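Encoded as C-alpha cells, the structure appears first; notes follow it.
Since this is a predicted model, take the numbers as computed values, not measurements. Within every chain, numbering begins at 1; the chains are lettered A, B, ... in the order of the sequence lines, protein sequences first and strands thereafter.
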Amino acid sequence: MTSRTVITLSGVAKSFGAVKALTGVDLALQSGECLGLVGHNGAGKSTLMNVLAGTLAPDGGRLMIDGTLLDRSYSVFRAHALGVRCVFQELSLCGNLTVAENTRVFHPHLRGFGWKKRSAALIGAMLDDIFPGHGIAPGTPVSELSIAQRQMVEIARAFTVTDTPLRFVILDEPTSSLDASRAGQLLSFVRRQVAAGIGVILISHMLHEILETADRVVIMRDGRVVAVDAASAYDREGLVVAMGGLAHHQAQAREARAANGAEIRVRAERGSAFTARAGEIVGLGGLAAHGQTDLLLSVFRAAQRRTAGVSVSGTVAMVAGDRQRDGVFPLWSIKQNIGVRSLKAARRGLLIDPDRENRLAEEWRTRIGIRAPDLDLGILSLSGGNQQKALFARALGSDAQIILMDDPMRGVDVQTKREVYRLIRDEADRGRTFLWYTTEMEELYECDRVYVFRNGAISADLGQGQLTEERILQASF
Amino acid sequence: MTLSALLPTRKPWFWSFAAAFAAWGMLVLFLQGRGADEAVTASLAFAAFFVIVGLGQMMVITLGPGNIDLSIPATITLAAVVAMRVMGGEDANIPLGVLAALGCGVAVGLFNNVLIHLLRMPPIIATLSASFLIQSAAISYGRGLQVRPPQALQDFATARLYGVPVNAVCAVLLAAVVGVVLARTVYGRSVLAVGQNPRAAWLAGVRVGLVRSATYVLCAVFAALCGVLLAGFSGGASLDMGQEYLLASIAVVVIGGCSVAGGRANVPGIWGASLFLFLLVSMLNSMGLGAGFRLVLTGLIIIAVITLAGGEPAQR
C-alpha cells in the first residue's frame, strides 16, 4: 500500500489564557504510516492532537484533510465522519455505562432491536483482536474496570468500524497504564493496521516503543515541531537530545543503602510479609492491576484508623496515578491543588495563612519545575504531565513520612522523570519512606527493594542486588 | 469600550445584583418614585431570612451532586415553635429559648446524618422524609397555641440601626463569617474539595464523612436561627411559616452563581439573589397582578436570570 498525504496542518496555534500551548505547527500526515510524536510535558502534543480530533478549535493556522480546507465548523463529528479517531490520554469513557454501551455512544449507527448485542459483539471482537485474553466482559460497567482495562477498552473502541470509515487513529499515551505484555500486543496490532493502510499517530514517553513502532518521528518542543525524520535515524539517546534533554546514560548502579536497621513503618501481609522501613524506597512491581493499588489503599486506610492485617506508623500522603479520578480538583488553581494536603500546617491560629500557602506552592514550583506562568491559574490550564507534577508537589510538600505512589509517572516526560527520581532519592535520604507502584521496569531499578505482585499476592521479594528484568518478569507471570 | 469591559460581568455574583437592581428599578417605576427607600429597607429586612437559610443550603449543595437539604422549612417551624414555648413571652427566657432552638437545629442535622450516612439514603429522600417527622414534632409540640414572642426579641428583630434593619446586619455578618470559613479554614476548603471530587479529597487527607456530617448540621442550625428571628419578626410561630423557604433557599443558591454540581460557593451572590427574589415578588405585587400570573412570571424571570448568569467560562 502506498502512502499519501491525508492531513496537512500549517501554522496551527493555540493558547490557554497566558499559556501558549502551540505556536505554529506544520505537519503532514500520511496514510499507511505510523508517526511517532515525542516531546517533553507541555511541548504541546496533546493540544495538537485535540485540534486534530476536533475537540479544540485552534486560534490560528489551517487544517486540511484530503485537500479540503476545514474551517471553524470542524468538530468531533466532522472528524469522525472523515475517519479521524482519537484515543485520549485522559480517558473518555462514561463510568456509569457498560463497555458495550460506551461503544454505542461512539456508533450512532448501532440502533434498533438488539443493538446491545451487536455493540457487545463489535467491541468484544476488537478487544480479542488487539488484546487476546483481555478478560473484559462487554456487559461490565466501565467504573468497575481497572485503569488498564479502561485504557484497553478506549483503544479497542477507537478501532471499531460501523458506518464511517477508519482512516486515521491518534493514540495519545496509549500504553501509560498498560504493562509490558499488553503494550506489546497493542504495538504489533498498530503495525498490522498500518500495513493495511491506516495512518496512526503514536504519542509515548516510552521511547523504545516509538523507535520500534514508528516509521517517522516528529519531535515537539515549546509548542512547535523541531524535527521530523525517519525513526531509523534515531536511537534512544538521539531522541532525548533532540527533545532538548541532556544526554544521560542509564542510571549508574547506586550503592546499596543501609536501611536494614531503620524503624519499620509499614507492615502488611499479602501471601508473604511486606515491610517498608524509614528511608526506604519500596517498589511494587508485576503486571498492572494485580493488587498493588489495593495494597497502597489499605496502607492509606490503616494510617487513618486501625485496620486488621496492616500496621502503619507514620503519616501518609498519596500521589495519584489516575489523576482525574484520584487527584485533581478541577475548579481550583495550581496553588490550591498543591496546598490541599497541607492545609492544617498552613494555619496561623484558626485561619489558613495565604503567605504560607504561597510559599509552599512557590517552593515546589521551582523544586519540581512546574511550567506555569502563574500558580493562580486553574490546574486544568496545565498539560497532563505538569498536573502530575503538581500532585507530586502536593504529597512531597506535606508533612507525610510515608509517600504512596500509584503508578504516578503516567504522561511524565523523560527529563522530568529523572528529576523526580532524584527528588525521591533525596527525600528518602532524609528518612521518608516511599511505596512505589509502577508498571515501568526502569522505575523499579530506582527502588531499594521490589515486591512483585501476582493475583493480589507477593510472588517475589527482591533486594537491590537481586533485581533483574528477567526475575521480575518471571515472578509476574 | 463595551459595557462588559466596564462592569465586572465575569464575577459570578454580578448578575444576581444586576437582577436585584433591575427589579428595584421596576418597582420604583411602578410606585412612581414614592417609597423607593422604603422598598430598599423592606427588601433588606426580608432578604436577610433568605440569606440565612440560603447560606446553609449553599454549603450543602457545595458538597457535590446529590447533596441538598429539603428539611429547612420544617426545621424553621420546629425551632420557632420550641423557642416561643421555651421563652413563654418572658424576656428573661430569651437566651434559653435561642439555645433550645439551636439545639433543635443540631438535633435535626444529626438526624439527617443518621439517615444519610448510617442508613445510606440519598439526601433528597432522607431530608424530605425527615421533614415530615420534624413538622409533626412541631405540630404536636405547638398544639396550635400561638405564643407571642417576648417583647425584647420582637424589638430586636424589627429594630433598625441607622435605618438598616438589625436582622439584615446579622445576616451580613453571618455571610462574612461563612465567606471567611470557606476561603480560609480547613473545614471550608474541605467542603470545596469534597464537592469537586470526593475521592481525591479523601486521598488528600480530607475527612470526607466528618465534613459532610458537619455541613448538614450547620445547615439545620442556620435554619433554626432563621426560625427564631422570623418568629420575633412576625409576632410568633405558625405551622406554615417555613413554607416559602424551601424553594427560596435553593433558588438563591442557583441564582447566586454557586455551582449546582458542587465545589464552587459564592457568598455575595446569595445576598444579591435574596434581594432579587424579594424585590421581584414586591414588584409583581405592586403591579397588581393575580397570584397565578405572578407565579408564572416569577418562574420565567428566574429561568432568564439563571440562563444569563449561567455562562461559566469554558474550561479546558
- Please list, in residue-number order, every residue in residues 195-203 of chain B that has a heavy atom less than 4.5 Å from any heavy atom of chain A; write 'none' if there are none.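 When heavy atoms of chain A are the reference, residues 195-203 of chain B contributes B/Gln196, B/Asn197, B/Arg199, B/Ala200, B/Ala201, B/Trp202, B/Leu203 within the under-4.5 Å range.
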- Message: Would you say CG of B/Leu110 has more than 12 non-hydrogen atoms from neighbouring residues, nucleotides or ligands within 6.0 angstrom?
- Response: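 Above 12, so yes.
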- Item | Greater than 12 external heavy atoms within 6.0 Å of B/Leu99's CG |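 Counting neighbours around CG of B/Leu99, more than 12 heavy atoms of other residues, nucleotides or ligands fall under 6.0 Å, so yes.
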- Message: Is any side-chain heavy atom of A/Met409 closer than 4.5 Å to one of A/Phe392?
- Response: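 Contact flag for A/Phe392/A/Met409 side chains = yes.
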- With a 4.5 Å limit on heavy-atom distance, are the side chains of A/Asp376 and A/Ile334 in contact?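 No, too far: nothing below the 4.5 Å cut-off.
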Check this for me: does any side-chain nitrogen of one of [X] and [Y] sit under 4.0 Å from a carboxylate oxygen of the other?
{"X": "A/Asp399", "Y": "A/Lys344", "result": "no"}
{"X": "A/Glu357", "Y": "B/Arg184", "result": "no"}
{"X": "A/Arg150", "Y": "A/Asp322", "result": "yes"}

- chain B: which of A/Gln304, A/Arg325, A/Arg347 shares the most heavy-atom pairs with it under 4.5 Å?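 Answer, by heavy-atom pair count under 4.5 Å with chain B: A/Arg325.
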[X], part contacting chain B, at a heavy-atom distance under 4.5 Å:
{"X": "A/Phe300", "value": "side chain"}
{"X": "A/Val328", "value": "backbone"}
{"X": "A/Leu351", "value": "both"}

- Message: Less than 6.0 angstrom separating the ring centers of B/Phe21 and B/Phe276, yes or no?
- Response: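 No, ring centres 6.0 Å or more apart.
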